[in-house]
Participant: 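Have a look at this one before I ask anything.
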Amino acid sequence: MFANDFTSSEMMAVAASRLLSDRAVCFVGIGLPSKAANLARLTHAPDVTLIYESGPIGAKPDTLPLSIGDGDLSLTADTVVPTHEIFRYWLQGGRIDVGFLGAAQIDRYANINTTVIGDYESPKVRLPGAGGAPEIAASAKEVLIVLKQSRAAFVEKLDFVTSVGHLDGGDARINAGLPGAGPTAVVTDIGILTPDPITRELQLSSLHSGRTLDEARDATEWDLKLADSIAETPPPTEREISALRDLERRTADRNR
Amino acid sequence: MFANDFTSSEMMAVAASRLLSDRAVCFVGIGLPSKAANLARLTHAPDVTLIYESGPIGAKPDTLPLSIGDGDLSLTADTVVPTHEIFRYWLQGGRIDVGFLGAAQIDRYANINTTVIGDYESPKVRLPGAGGAPEIAASAKEVLIVLKQSRAAFVEKLDFVTSVGHLDGGDARINAGLPGAGPTAVVTDIGILTPDPITRELQLSSLHSGRTLDEARDATEWDLKLADSIAETPPPTEREISALRDLERRTADRNR
Amino acid sequence: MRVGNIEDGRIMPLDEAVRRFVNDGDHLALEGFTHLIPFAAGHEIIRQGRKNLTLYRMTPDLIYDQMIGMGCAKKLVFSWGGNPGVGSLHRFRDAVERGWPHKIELEERSHADLANAYVAGASNLPFAVMRGYVASDLATHNPRIAFISCPFTGEKLAAVPAVRPDITIIHAQKADRRGNVLLKGILGVQKEAVLAAKRTIVTVEEIVDELSAPSNACILPHWVLSAVCPVRYGAWPSYAEGYYERSNRFYQAWDPISKDREAFTSWMEEFVLGTTGCDEFLQKLPEARDEVTA
Amino acid sequence: MRVGNIEDGRIMPLDEAVRRFVNDGDHLALEGFTHLIPFAAGHEIIRQGRKNLTLYRMTPDLIYDQMIGMGCAKKLVFSWGGNPGVGSLHRFRDAVERGWPHKIELEERSHADLANAYVAGASNLPFAVMRGYVASDLATHNPRIAFISCPFTGEKLAAVPAVRPDITIIHAQKADRRGNVLLKGILGVQKEAVLAAKRTIVTVEEIVDELSAPSNACILPHWVLSAVCPVRYGAWPSYAEGYYERSNRFYQAWDPISKDREAFTSWMEEFVLGTTGCDEFLQKLPEARDEVTA
């Protein structure tokens with residue numbers, strides 16, 4: 001049963017959560033990816049393994065962590081290992097099925113920027129930086145990206161390539177010798193973009209219920225390609241929306 | 001008060017134990033080194049830190065371990081870390097004051113062989129091999145060696161250089177870039193040999209009570225050099241001998 | 001204030017430890033991944049006015065925002081500089097974007113790089129080998145990222161310089177009277193940061209008779225530490241598992257305080273420079289007082 | 001015999017796991033540093049007659065002496081091969097010195113090398129960097145030891161190839177019903193040996209509802225393991241901390257048994273080939289029966 005009433009942010013979180021399969025081992029970025037990954041765990045993917053870069057493996061937080069190392073992650077995990085081990089044995093070791101990332105800027109090949117807006121040496125906006133993303137983007141078997149769609153974020157050319165997607169498309173990623181397959185979907189508040197199987201350019205392949213092609217094009221600086229057939233993303237189910245809202249309510253209560 | 005009655009093996013263990021100072025951090029080889037190091041801990045060096053390559057740091061075993069990873073080491077340690085960490089963070093990390101080793105063969109520059117007697121490809125006797133010794137000998141700030149003196153062990157030329165002492169003497173060790181200072185004493189059942197400060201050749205610098213220069217020379221294949229003045233190793237004290245015998249009795253009881 | 005093994009002299013008050021072991025111009029790492037961030041130690045460094053520090057930290061958090069804003073930092077080596085879940089570190093951005101209070105140099109690396117670099121430092125190796133930085137602009141802006149070939153397979157891999165701080169400071173749950181320290185929960189890279197450094201200070205929630213730790217717990221033996229300083233709530237507004245929770249509320253409150261140069265300066269003057277230590281800081285700051293007396 | 005999560009299928013009897021996951025010609029590591037040596041698994045491999053194995057182990061213990069003597073091994077990669085505190089591994093020596101039952105190849109490394117090599121394997125790196133092998137004859141007899149230069153300092157360091165077994169087998173204290181495994185006490189290189197391998201079997205003393213492990217305990221998640229097999233006393237005559245002690249008595253008894261080819265062969269025929277599994281082995285062997293029923 002579908003929900004009647006939901007926001008575009010809720011749709012984005014739900015759409016992203018659906019892409020995470022049960023029993024997947026997922027390396028979770030903080031913020032939107034963490035929200036979507038935990039929503040998946042609380043709905044269709046109870047056996048998903050969530051790994052946070054601070055060290056928890058198999059975290060099952062009851063509320064959304066504000067940071068990547070909150071106590072609820074540690075206390076609910078199957079085990080907590082040192083941070084270097086997360087990057088050495090688990091990510092570089094090739095054990096991550098899905099890397100779940102956010103971004104400040106993204107280009108048509110799903111390369112992402114989280115470093116600077118403007119020039120690196122004298123930036124207009126200094127962003128937080130790389131964190132774990134470059135190696136997650138390189139080494140996870142596949143990568144999911146979730147961010148709001150806007151012309152400021154979906155840009156013709158990145159100011160800085162922090163973490164690589166499909167480079168300049170085609171076989172570029174394979175030729176560069178990157179271990180993982182790279183981004184397989186970008187979920188936004190408007191729809192879902194997936195790479196063309198040959199050119200690896202992102203194309204709109206699903207529009208969220210109630211959103212339009214024009215909205216998607218207007219929110220993209222480059223000339224957005226469309227898939228041969230564009231699906232409509234099913235709206236959130238009652239179960240999804242109530243799981244999400246319960247999670248957010250618990251989180252707000254905790255932070256009060 | 002000195003003991004009246006002791007064996008040459010007991011004298012060797014006691015003489016070796018005295019060289020370990022209190023508060024030293026000691027990487028302990030199994031067998032004679034472990035006996036001497038624990039005797040030191042039970043007599044004059046209660047604050048010595050004993051590290052075994054299997055992982056225990058600060059082991060305080062009540063009996064002598066038969067192997068390098070006995071349960072008594074783990075259960076009495078301040079902490080137990082993985083074996084690779086012992087070699088990476090603690091030994092290679094430069095945190096070991098004293099490496100305490102045994103040997104099958106030793107030469108005049110305190111290089112040691114624990115690999116083969118005879119030719120490597122078709123050996124007369126296949127010995128256990130390197131274990132942790134090569135890196136202990138290289139990286140510990142100083143090295144103590146304890147073994148029975150005989151012409152078969154104190155040889156003109158090693159069949160195989162497993163772990164380096166002072167190489168071919170003089171500044172050879174420094175020039176090779178080895179981190180630690182190398183062997184500072186070799187304790188046998190006859191006496192104590194120490195390297196000449198310039199040539200680094202081992203010379204007899206102490207004779208155990210009741211042993212003779214001829215015995216030392218006869219038990220050495222090379223022409224054994226003597227220090228300018230040769231001390232007499234004080235015999236075991238009553239306290240030392242009773243601590244050693246108690247330790248050996250507890251060990252025998254455990255293994256019965 | 002002195003507790004524990006006096007003879008050994010490793011257990012001492014925090015102000016004494018900072019005076020003795022932190023120098024102007026030092027390469028300094030304060031580590032703690034969200035958990036166990038050594039705030040009290042950072043505040044004491046600010047009080048004592050240390051300058052020209054090269055600051056290392058994977059995730060420059062509010063404590064580095066404060067130290068940068070107070071002019072302690074010459075250079076920052078880091079991988080992610082934000083207020084987690086809240087937004088920007090405004091003092092960090094102001095220094096980078098507008099040079100206030102002065103310009104700082106940046107050496108920017110990834111988490112995987114810095115984590116490996118601490119491991120290499122703890123292992124007394126000059127560099128670490130990792131799979132990373134392929135086609136990333138980070139490698140073009142940081143000349144201290146190299147590529148080497150495997151001598152067996154010919155594969156190209158990234159090589160990054162080890163981190164070897166002059167001094168590392170961390171916070172931990174407890175120490176025994178000899179100064180052996182126990183950490184538990186999210187461990188980050190603290191053990192490696194300690195073992196990679198020439199000198200180390202550990203602040204702890206409490207000194208106990210016995211650590212009573214499980215056999216494979218994360219323990220730092222007293223003989224690798226320069227100073228152990230009892231500082232109750234020494235990680236607040238970060239957290240110490242088993243003692244108190246993270247003050248997400250203060251992390252959110254920091255955003256408006258730090259956005260404005262004057263608001264920042266007067267906050268620092270009142271609560272850090274205007275207090276003698278962690279106890280007084282916690283008693284004076286309303287957000288802290290509410291939480292630490294609970 | 002089947003316990004735990006049937007659907008998942010990871011928990012299975014040891015004989016089935018060996019049948020499914022250990023092949024002739026495999027590169028096989030049985031790890032365990034004195035503690036938790038997987039004897040029952042080694043015996044099952046002997047029973048099933050696996051051949052041409054390349055055996056990896058830092059400290060070839062009695063179990064490799066038995067496997068070498070029974071002709072399972074083509075090659076041995078190791079760093080210390082003795083009967084700890086007792087003397088020689090006579091079957092190992094007989095193979096090396098006199099080629100009985102057939103010659104075996106040796107690849108000899110140091111403990112530090114193999115420990116680093118497992119870490120590199122677990123980290124998906126083709127080699128490890130270490131300080132070692134300077135002026136040692138080991139480097140002249142093992143061509144798989146190389147030297148490289150640090151790209152930053154120019155220092156010369158040893159590079160050694162990673163260990164990446166086809167299959168690693170270890171023994172551990174317990175697993176939960178999903179197959180998550182807990183190890184405690186002396187951990188050796190087992191975690192790394194597991195993570196470095198393509199396939200893994202873990203034998204455990206028991207399957208429990210909850211591991212109830214401290215937060216930083218050594219846990220192997222079920223999803224990195226191929227099979228988890230409950231085998232009570234599966235490490236005997238090695239030991240499992242918290243369950244039973246090492247049988248130093250059996251290690252001493254092994255010396256005369258293994259010294260003589262015929263004594264060895266008849267012992268193996270009676271107690272290993274002549275039994276169907278660990279339970280029967282322990283009941284039949286007098287030294288074991290006394291200890292495991294205590």
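Order of the sequence lines fixes the chain letters, A, B, ..., with proteins taken first and strands second; residue numbering starts at 1 for each chain.
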Participant: Using 30° and 60° as the class limits, which term best fits the ring planes of Phe87(A) and His111(C): parallel, tilted or perpendicular?
Facilitator: perpendicular
Participant: Counting the benzene-type ring for Trp, do His171(C) and Phe39(C) have ring centres under 6.0 Å apart?
Facilitator: no
Participant: Take Glu201(A) and Thr199(A) through the test side chain to side chain donor-acceptor pair (under 3.5 Å) and record every step on the way to the result.
Facilitator: CA-CA 5 Å; Glu201(A) 181 173 338; Thr199(A) 67; 5.0 Å; no
Participant: Determine whether the aromatic ring centres of Phe92(C) and Phe78(C) lie less than 6.0 Å apart.
Facilitator: yes
Participant: Pick whichever of Ala115(C), Gly87(C), Gly99(C) has the most heavy-atom pairs under 4.5 Å with chain A.
Facilitator: Ala115(C)
Participant: Quick check on the interface: out of Ser238(C), Gly82(C), Cys218(C), Ser136(C), who has the most heavy-atom pairs with chain A under 4.5 Å?
Facilitator: Ser136(C)
Participant: Taking the six-membered ring for Trp and the single ring otherwise, decide whether the centroids of Phe27(A) and Trp90(A) are under 6.0 Å apart.
Facilitator: no
Participant: Is the ring pair Tyr120(A)/His141(C) parallel, tilted or perpendicular, if the boundaries are 30 and 60 degrees?
Facilitator: tilted
Participant: Sort out for me which of Met130(C), Lys191(C), Glu245(C) touches chain A most, counting heavy-atom pairs under 4.5 Å.
Facilitator: Met130(C)
Participant: Identify which part of Pro123(A) has an atom lying under 4.5 Å from any heavy atom of chain C, answering side chain, backbone, both or neither.
Facilitator: both
Participant: Is the closest side-chain heavy-atom distance between Asn38(A) and Leu247(A) below 4.5 Å?
Facilitator: yes
Participant: Report which part of Pro82(A) has an atom under 4.5 Å of a heavy atom belonging to chain C: side chain, backbone, both, or neither.
Facilitator: both
Participant: Where does Val134(C) contact chain A at under 4.5 Å (heavy atoms): side chain, backbone, both or neither?
Facilitator: both
Participant: Could you look at Glu85(A) and say if it's the side chain, the backbone, both or neither that has a heavy atom under 4.5 Å from chain C?
Facilitator: neither
Participant: Should the pair Lys124(A)-Glu97(C) be classified as a salt bridge under the 4.0 Å nitrogen-to-oxygen rule?
Facilitator: no
Participant: Looking at Pro84(C), Ala112(C), Gly132(C), which has the largest count of heavy-atom pairs under 4.5 Å with chain A?
Facilitator: Ala112(C)
Participant: If I measure from the heavy atoms of chain A, does Gln252(C) come under 4.5 Å with its side chain, its backbone, both, or neither?
Facilitator: side chain
Participant: Would Thr251(A) and Thr63(A) count as having a side-chain donor-acceptor pair, cut-off 3.5 Å?
Facilitator: no
Participant: Give the member of Thr162(A), Asp70(A), Leu178(A), Leu167(A) that has the highest number of heavy-atom pairs under 4.5 Å with chain C.
Facilitator: Asp70(A)
Participant: Taking every non-hydrogen pair under 4.5 Å, which of Ile86(A), Asn111(A), Ile68(A) racks up the most with chain C?
Facilitator: Ile68(A)
Participant: Which atoms of Ser122(A) are under 4.5 Å from chain C, going by heavy atoms: the side chain, the backbone, both sets, or neither?
Facilitator: neither
Participant: Measuring from Thr140(C):OG1 to Phe160(A):CZ, what's the distance to the nearest 0.5 Å?
Facilitator: 6.0 Å
Participant: Among Gly55(A), Pro56(A), Gly129(A), Ser54(A), which residue has the highest count of heavy-atom pairs closer than 4.5 Å to chain C?
Facilitator: Ser54(A)
Participant: Could you check whether Arg246(C) makes a cation-pi contact with Tyr251(C), meaning its NZ or CZ is under 6.0 Å from the centre of the six-membered ring and within 45° of the ring axis?
Facilitator: yes
Participant: Looking at Val125(A), Ile30(A), Asn113(A), which makes the most heavy-atom pairs under 4.5 Å with chain C?
Facilitator: Val125(A)
Participant: Among His35(C), Glu241(C), Gln190(C), which has the most heavy-atom pairs under 4.5 Å with chain A?
Facilitator: Glu241(C)
Participant: Check whether Arg98(C) gets within reach of chain A through its side chain, its backbone, both or neither, counting any heavy atom under 4.5 Å.
Facilitator: neither
Participant: Answer yes or no for Arg95(A) and Tyr89(A): cation-pi contact, defined as NZ/CZ to six-membered ring centre under 6.0 Å and angle to ring axis within 45°.
Facilitator: no
Participant: Shorter than 4.5 Å, heavy atoms on both sides: which option in Leu187(C), Ile186(C), Thr59(C) has the most such pairs with chain A?
Facilitator: Ile186(C)
Participant: With a 4.5 angstrom heavy-atom cut-off, could you sort out which part of Val164(A) is near chain C: side chain, backbone, both or neither?
Facilitator: side chain
Participant: Go through the atoms of Arg254(A) and report whether side chain, backbone, both or neither lie under 4.5 Å from a heavy atom of chain C.
Facilitator: side chain
Participant: Pick one: which of Leu20(A), Leu64(A), Leu244(A) meets side-chain contact (heavy atoms from CB on, under 4.5 Å) with Leu39(A)?
Facilitator: Leu244(A)
Participant: Under a 4.5 Å heavy-atom cut-off, does chain A meet the side chain of Leu106(C), its backbone, both or neither?
Facilitator: side chain
Participant: Could you tell me which portion of Ala138(A) (side chain, backbone, both or neither) has an atom closer than 4.5 angstrom to a non-hydrogen atom of chain C?
Facilitator: neither
